[in-house]
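Below is one structure, written out as C-alpha cells; the observations come after it.
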Amino acid sequence: MRIFSGIQPTGSLHIGNYFGAIKQWVDLQDKNDCLFCIVDLHAITSPYEIKEFESKVLEKAIVYLSAGINPEKAIMFVQSKVKEHTELCWLLNSITPLGELQRMTQYKEKSLKQKKKECAGLLNYPILMAADILLYNTDIVPVGEDQKQHVELARDIAKRFNHLFGETFTLPQAQLPKQGARIMSISNPKEKMSKSGAPENYISLFDSPKDIRKKIKSAVTDTEKTIKYNKTKKPGISNLLTIYSLLSDKKIRDIEDEMKDKSYKEFKESLAELIVLKLEPFRKKREELLSREVYVREILKKGEEKASVIAQSKINEVKNKMGLYS
Ligand code: TYM
C-alpha cells in the first residue's frame, strides 16, 4: 500500500500530533511504501516568522526521526522542494467547486481567527493537500480526526478528475487511530489540543519534565472527585484518561479500577510521571540529532530525490490526460 501523510512545520509538535498521526506512521512504515512530508507550503497560509521558518522545518525532520521514522524505510521530504505539488494543485483548482472549499470546517474556523489576514491560500489549502496525496497514488492517509474531511475532499477531487479525464488517480482513504484521533486541549478540554494555541494547552513531545509536571498539575478537570470516563460530562478527566491509556497500553476501564481510591491530584501525579518517562527517549534522540544537521539535511535531500521521481511521472500523466501542450 502507498501511504502519504504530512505535518505543518510551524508550532511545537504535541502528543495529539503523535497519537493522531506519527504513531500510525511508525507502525505503517515496516510493511508499506511510505512518504512523510513536512508541508511548509501549507504553513505559509497563516502568519509565520520568516527568520525561524527554515529551522522549524529542520526541527520537524528531527521530530520525525526522534519519534521513530526510519529513513531507510520511508521517504521523508519537504513539500516545497518537489514543485509538482504546486503544479498539480493548480490543475486541480480548475475542477474543484468553490462551494466544496467554503464548507470545510477548518477553513471556517481559521478564516474566523484570521479575519484580517485571510488569504486565498486558506480557502485553497485543501486542494494543495489533495495534490500532495494524489500525486503519489496514495491508498491510505493516516491522520487525526480533524483532517478526515480534507482527505474525503481529496477523494472526491480524484473521482471527479477520473470521471472527466479518464482513470488517473487512486482513490485515497483516511485512516484514523482507534484511540487518540482527537486529543483535547488540557487547559480547555472542549477544544482540540493545538500547536498554534497557548503552550498550556498542549504537551509538546520535547517538553521538559518540569514543564510536563506543571502543565498536568494545572490541567482543567471538573468539580467531582471520581476518576471516570465520560466524554460529555467529564471531558477533562476523560481526555487525561485517554492519554494515560495510550501511553500505558492499558484499557481505560482498568485504569479507572486502579485509580478508584485516588484523588485527582494523585491521578495527575501518576500521569505526569508516565508522560515524563514515555517522552524521555524522544528528548534524548532529539538532543543527539540537534548536533547532526548535515545528516538530517542529507535525509531530506534523498527523500526529495525519490519523491520527485514519482511526482514527475504522475504530473506528466495528468497533463497528458488534460490535453495540455506536450
Ligand atoms: P497538522 O500539521 O495540523 O497536524 C498534523 C497531524 O496531527 C493530527 N492532529 C491531531 N491528532 C489528534 N489530536 C489532536 N489534537 C491533533 N491535532 C493535530 C492531524 O490530524 C494531522 O494528521 N493539513 C494537514 C497537513 C497536511 C497533510 C497533507 C496531511 C498537508 N498535506 C497530506 C495528510 C496528507 C495539517 O495541517 O496537519
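From a predicted model like this one, the values you see are computed outputs, not experimental measurements. Note that ligands are numbered from 1 as they come in the structure, with each ligand's atoms numbered from 1 the same way.
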- Query: Considering residues at least two apart in sequence or located in another chain, which fulfil the salt bridge (Lys or Arg N to Asp or Glu O under 4.0 Å) criterion with K73?
  - Reply: D30

- Keeping to residues at least two apart or across chains, list the salt bridge (Lys or Arg N to Asp or Glu O under 4.0 Å) pairs with something in residues 34-59. E54-R297

- Pair K284 + E288: basic N to acidic O under 4.0 Å: no

- CD1-CD1 distance between I127 and I95, expressed to the nearest 0.5 angstrom: 9.0 Å

Distance-only donor-acceptor pairs under 3.5 Å for side chains of residues 97-110, two or more places apart:
unit_1	atom_1	unit_2	atom_2	d
E100	OE2	R160	NH2	2.8
T105	OG1	Q149	OE1	3.1
Y107	OH	E118	OE2	2.7

- For the residue pair S204 and L279, what are the closest heavy atoms and their distance? O-CD1, 3.6 Å

- Note on the structure: Contacts for ligand 1, heavy atom under 4.0 Å, by chain and number, are F4, S5, G6, I7, Q8, H14, G16, N17, G20, A21, V39, H42, Y125, M129, D132, I133, V141, V143, G144, D146, Q147, G180, A181, R182, I183, K192, M193, K195

